[in-house]
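What follows is a single structure, written as structure tokens, with notes after it.
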Amino acid sequence: MLYSAFAISLLAASAAVARPVTRNKRPSDTDILQYALTLEHLENAFYREALAKFDEKDFTDAGLPDFARKRFVQISEHEKTHVDFLSTALGDIAVKPCEYSFPYDDPKSFAGLSMVLEGVGTSAYTGAAQFIENKDYLTAAASVLATEARHAAWVSAAVNKGDPWSGPFDVPLDLDQVFSLAAAFITSCPDSNPKLPVKAFPVLSFSPATPYPGDSVQLSYDSSSGKKEYFAVFTGLTTIFVPISDDKKVTIPSDAVGTVYGVVTTSNEKVSDDNTVAGPVIMIFPDNI
């Protein structure tokens, strides 16, 4: 069971309904399709590589249900279909797959990372929806989003024995926030790939690595803002701002539940790309019902 917190950076309080974060330049529909394809390439490679490495016996020997690998094969086929669909829509300008490195060494850690990636995929499509102008593209994105959410719920509940959802709303993540998470797994990309209007924020991590709601944690990140900083926690459609002490300590909100995301920001009112200092970090807390 994957509980407490998962810090994607393992590779390297007041509340306001202020989601999703604001951007300085509106991306085009083509930008969004390229962005989505970049993420789908990553997921496609993730499943293809793991399923080539682990057979059904490896999954059951790791304590996973005997049906798990067959379902993961179906998810892998879904991700490949998403890649083919987006590649066809973009034609000759479609981004090509990159080289990746995924931090798992057995089927159980693969299943844990699958839950995280499917959750990020759900939040990525949710956050990008606001930028899509073409209604046909928007409908297709909604269809992919629904499938990603089904994947996330199944992996979390049926395989990892966790919660199938985090509450009535999922977290919409900004393009740069999602790319910052994805960048942790990308080692290189083809020079011919078109440049995407995204950037990766500095890495954010904390100690202990698996905190619980209400815990005080030590944040670690490179900061040169020279301003008062806050830990912004995204939960559903709500953002909770918690002051960060001078020695970079912060208390996790006691009512945090499910999959939540956190960034360091210089604002205590609204998160934007301009005021984000580091992150995101992913935290997964059980509902305990």
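Sequential numbering from 1 along the given sequence is applied to the chain's residues. Computed from a predicted model, the values in this text were never measured in an experiment.
Heavy-atom minimum distance, Ile240 versus Pro253: CG2-CG, 4.1 Å. Taking each heavy atom of Pro280 and Ser180 in turn, the nearest pair found is CD-CB, 3.8 Å. Contact between Ala157 and Pro164 at its shortest, heavy atoms only, is CB-CB, 3.9 Å. Nearest approach of Ser216 to Pro208, heavy atoms of both residues: O-CD, 4.3 Å. The minimum heavy-atom distance between Cys98 and Ser188, with the atom names listed, is CB-O, 3.0 Å. When all heavy atoms of Pro197 and Asp176 are compared, the closest pair comes out as O-OD1, 4.1 Å.
Looking only at distances, no side-chain donor or acceptor of Glu79 sits under 3.5 Å from a matching main-chain atom of Leu42. Judged by distance alone, the side chain of Lys228 and the main-chain N or O of Ile244 form a donor-acceptor pair under 3.5 Å. Here the side chain of Ser76 pairs no donor or acceptor atom with the backbone of Phe72 at under 3.5 angstrom. With hydrogens and angles disregarded, no donor-acceptor distance shorter than 3.5 Å links the side chain of Glu133 to the backbone of Asp29. Proximity of a side-chain donor or acceptor of Lys161 to a complementary backbone N or O of Ala158 within less than 3.5 Å is detected. Side chain of Thr235 to backbone of Thr238: no donor-acceptor contact under 3.5 angstrom is found. A distance-only check finds no donor-acceptor pair linking the side chain of Asp84 to the backbone of Thr81 [under 3.5 Å]. Using a distance-only test at 3.5 Å, with no hydrogens or angles considered, a donor-acceptor pair links the side chain of Asn160 to the main chain of Val155. Between the side chain of Thr60 and the main chain of Lys57, a donor-acceptor pair closer than 3.5 Å is present. A side-chain donor-acceptor contact under 3.5 Å links Thr265 to the backbone of Asn275.
Side chains of His151 and Glu43 form no contact here, defined as non-hydrogen atoms less than 4.5 Å apart. The side-chain heavy atoms of Phe206 and Pro211, taken from C-beta on, include a pair separated by under 4.5 Å. When side chains are defined from C-beta on, Arg26 counts as touching Phe131, because their heavy atoms get closer than 4.5 Å. Counting only heavy atoms from C-beta outward, the side chains of Val217 and Ile252 approach each other to under 4.5 Å. Leu90 has its side chain out of reach of Val95: every pair of non-hydrogen atoms, C-beta onward, lies at least 4.5 Å apart. Under the 4.5 Å side-chain criterion, counting only non-hydrogen atoms from C-beta, Phe231 is in contact with Leu204. Side chains of Ile32 and Leu175 form a contact here, defined as non-hydrogen atoms less than 4.5 Å apart. Contact annotation: the side chain of Trp154 approaches that of Arg71 to within less than 4.5 Å [non-hydrogen atoms, C-beta and beyond].
Side-chain N/O atoms of Glu229 and Ser225 include a donor and acceptor closer than 3.5 Å. With no hydrogens or angles considered, no side-chain donor-acceptor pair links Asp170 and Thr122 at under 3.5 Å. No side-chain donor from either of Asp273 and Thr276 sits under 3.5 Å from a side-chain acceptor of the other. Using modelled atom types, one finds no donor on one side chain facing an acceptor on the other under 3.5 Å when comparing Ser272 with Asp274. In this model, a donor atom of one side chain and an acceptor atom of the other lie less than 3.5 Å apart for Ser114 and Tyr47. A donor-acceptor contact closer than 3.5 angstrom links the side chains of Asp106 and Ser109.
Leu117 CG to Glu148 CD: the interatomic distance, rounded to the nearest 0.5 Å, is 9.5 Å. One finds the NZ atom of Lys249 at 10.0 Å from the OG atom of Ser207 (value rounded to the nearest 0.5 Å). To the nearest 0.5 Å, atom CD1 of residue Ile186 and atom CG of residue Leu181 are 11.0 Å apart. Between the CE atom in Met283 and the OG1 atom in Thr259 there is a gap of 10.0 Å [rounded to 0.5 Å]. The OG atom of Ser87 sits 11.0 Å away from the CG atom of Asp92 when rounded to the nearest 0.5 Å. Rounded to the nearest 0.5 angstrom, Cys189 SG and Leu196 CG are separated by 8.5 Å.
Phe234 and Trp165 fall into different hydrophobic clusters, where Ile, Leu, Val, Met, Phe, Trp and Tyr residues are linked whenever their side-chain heavy atoms come under 4.5 Å apart, directly or through other members. Follow the hydrophobic side-chain contacts under 4.5 Å out from Val257 and you never reach Ile284; the two are in separate clusters.
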Exercise. Under the side chain to side chain contact (heavy atoms under 4.5 Å, CB included) rule, what do Asp55 and Asp58 come out as? Steps first, then yes or no, please.
Key: CA-CA 5 Å; Asp55 60 20; Asp58 292 326; 3.1 Å; yes
Quiz prompt | Test side-chain hydrogen bond (donor to acceptor under 3.5 Å, both in side chains) applied to Asp136 and Thr139, step by step | solution = CA-CA 5 Å; Asp136 291 336; Thr139 298; 5.5 Å; no
Quiz prompt | Stepwise side chain to side chain contact (heavy atoms under 4.5 Å, CB included) test for Ile75 and Glu118 | solution = CA-CA 10 Å; Ile75 291 176; Glu118 293 294 343; 3.7 Å; yes
Exercise. Could you go through the side chain to side chain contact (heavy atoms under 4.5 Å, CB included) check for Leu113 and Phe185 one step at a time?
Key: CA-CA 11 Å; Leu113 186 53; Phe185 306 112; 4.0 Å; yes
Quiz item: Does the pair Val263 and Val281 meet the rule for a side chain to side chain contact (heavy atoms under 4.5 Å, CB included), with working shown?
Solution: CA-CA 7 Å; Val263 300; Val281 66; over 6 Å; no
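The number of heavy-atom neighbours closer than 6.0 Å to CZ of Phe85, taken from other residues, nucleotides and ligands shown, is 12 or below. By the neighbour-count criterion of 12 heavy atoms within 6.0 Å, atom CG of Asp246 is sparsely surrounded, having that number or fewer from other residues, nucleotides or ligands. Other residues, nucleotides and ligands place no more than 12 heavy atoms under 6.0 Å from the CD atom of Glu99. Shown here is Phe67, whose CZ atom has more than 12 heavy atoms of other residues, nucleotides or ligands within 6.0 Å.
Only one option out of Phe201, Tyr230, Tyr221 pairs with Val277 in a side-chain contact (heavy atoms from CB on, under 4.5 Å); it is Tyr221. The only member of Leu37, Asn44, Val144, Leu39 that meets side-chain contact (heavy atoms from CB on, under 4.5 Å) when paired with His82 is Val144. Partner Ser123 forms a side-chain contact (heavy atoms from CB on, under 4.5 Å) with one of Val178, Leu173, Leu145 and no other, that one being Leu173.
Taking a cutoff of 4.0 Å between a charged side-chain nitrogen and a carboxylate oxygen, Lys80 and Glu40 do not qualify as a salt bridge.
Note that Lys199 lies outside the cation-pi zone of Phe179, set by a 6.0 Å cut-off to the ring centre and a 45° limit from the axis.
Aromatic ring centres of Phe46 and Phe102: separated by under 6.0 Å.
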